[in-house]
Colleague: 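So that we are looking at the same thing, I have put the structure below in structure tokens.
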There are 2 protein chains.
Amino acid sequence: MGTKWLTPEELSTWVRLVAVVELLPGALDAQLRRDSALTHFDYYVLAMLSEAPERTLRMTALADSTTATLARLSHVVQRLEARGLVERFPCPQDRRATNARLTDDGMAKVRESAPGHVETVRGLVIDALSPRQLDQLREITDAILDRLDPGGAHNGFRQRYDPDRD
Amino acid sequence: MGTKWLTPEELSTWVRLVAVVELLPGALDAQLRRDSALTHFDYYVLAMLSEAPERTLRMTALADSTTATLARLSHVVQRLEARGLVERFPCPQDRRATNARLTDDGMAKVRESAPGHVETVRGLVIDALSPRQLDQLREITDAILDRLDPGGAHNGFRQRYDPDRD
DNA sequence: CTTCAATGGTTGTAGCGACAACTAATGGAA
DNA sequence: TTCCATTAGTTGTCGCTACAACCATTGAAG
């Protein structure tokens, strides 16, 4: 059976979505790199740790909550550890596992970079949309993630965008 | 004045959007790499050329339509040229400029990889959404692109004012 | 108490993209 | 005509990510 091509309306939406996924990561990286010497993924990792009990998470749990592979996370945490923002230690209960803990310097780093990052997120995305569009976007991304990452941890997710949480 | 933090609803939407922009490019790359030895960006470049008159575009026009920097495009086209899928030649009218033209091999490559790619796009995104959600997503991405890429090709400005049009 | 597949994580390497520095051509002003 | 800011594009280098290969530990079957 032949390919079911995209209609003009579908194509129009697709082209815009591609532009967003192509441009947004670079824009987030650029601001955080310039102001805090962090990539967006670095920030995300630190933010997840800052919300965890004892500021500690197992590598696998951290990988799940950041939608990254374990290999990628391992490299990133290695660099963050070299900068003194994170420390690793073997998990006593399961000696295969590694725990990653946010250091005090790491916590300070998150606190100082959060305001500028949140301002960027508002400026580029949140404040560009109406409350209704935000609702629509949440449902749309939910539906896409069901295909893209079935069984992923996109629910019950906490993150450091509100520093009053700790 | 203090930072205006994200509300729980805003955060919930943002987290999902981040997951999508983090996962989608990799998923598109994986399928195209596996089946056609192309990155998604490679495919996009070839596809843009395939629809241009004479299968030819100036580097700057190609960069605009793919939302890439000229530097990135230059590297990519260099690799595609080495593989015989594209060829470059100086523009006669403006000797600063370079034209990129899709070769017959390049055209064959696009034709053979298009069905699998479109199937992936449907499977991951288009078919996961209702027609209404597709409309919503187009307007949402439009609004975001106004912030992310002001004056970009997505707003139709370039189309109406492109002197080479028609 | 072995065996062995599954789990948890690390590391080497190759390739891609960002950034900055660079060359070259154009077009307008003095 | 000369000057020079702007436009067009290329290239070198560095950092990050994907992929695959790898090692260690666990838990359950036999």
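Reminder, nothing fancy here: chain letters follow the sequence lines and each chain counts from 1.
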Colleague: What's the CG-P distance between B:L73 and C:dA18, to the nearest Å?
Modeller: 12 Å
Colleague: May I ask you to decide whether B:K4 forms a salt bridge with B:E10, counting only side-chain N to carboxylate O separations under 4.0 Å?
Modeller: no
Colleague: To the nearest Å, give me how far apart CE (B:M59) and C1' (D:dT7) are.
Modeller: 15 Å
Colleague: Could you tell me whether A:R16 and B:D149 have a side-chain N and a carboxylate O separated by less than 4.0 Å?
Modeller: no
Colleague: Which is it for A:I144 and B:L124 under the side chain to side chain contact (heavy atoms under 4.5 Å, CB included) test, yes or no, and what are the steps along the way?
Modeller: CA-CA 6 Å; A:I144 294 174; B:L124 293 178; 5.8 Å; no
Colleague: Does a side-chain N-to-carboxylate-O contact under 4.0 Å join B:D42 and B:R33?
Modeller: no
Colleague: What is the distance from NE2 of A:H40 to P of C:dA18, rounded to the nearest Å?
Modeller: 16 Å
Colleague: Would you say the side-chain atoms of A:S65 pair up with the backbone N or O of A:A61, donor to acceptor, closer than 3.5 Å?
Modeller: yes
Colleague: Please, which pairs that meet ring pair (Phe, Tyr, Trp, His ring centres under 6.0 Å) have at least one residue in residues 82-101 of chain A, sequence neighbours excluded?
Modeller: none
Colleague: Tell me, with the steps shown, if A:K109 and A:L38 meet side chain to side chain contact (heavy atoms under 4.5 Å, CB included).
Modeller: CA-CA 9 Å; A:K109 188 69 163 175; A:L38 293 173; 4.0 Å; yes
Colleague: Please tabulate, one pair per line, each protein N/O and nucleotide N/O from nucleotides 11-20 of chain D that are separated by under 3.5 Å, including the distance.
Modeller:
{"residue": "D:dT11", "atom": "OP2", "partner": "B:Q78", "partner atom": "NE2", "Å": "3.4"}
{"residue": "D:dG12", "atom": "O6", "partner": "B:H75", "partner atom": "NE2", "Å": "2.9"}
{"residue": "D:dT17", "atom": "OP1", "partner": "A:R72", "partner atom": "NE", "Å": "3.3"}
{"residue": "D:dT17", "atom": "OP1", "partner": "A:R72", "partner atom": "NH2", "Å": "2.7"}

Colleague: Quick test: give all pairs of protein nitrogen or oxygen and nucleotides 24-26 of chain D nitrogen or oxygen below 3.5 Å, distance rounded to 0.1 Å.
Modeller:
{"residue": "D:dT26", "atom": "OP1", "partner": "A:R95", "partner atom": "N", "Å": "3.3"}

Colleague: Look at the rings of A:Y43 and A:H40 and say which category their plane angle falls in: under 30° parallel, 30 to 60° tilted, over 60° perpendicular.
Modeller: parallel
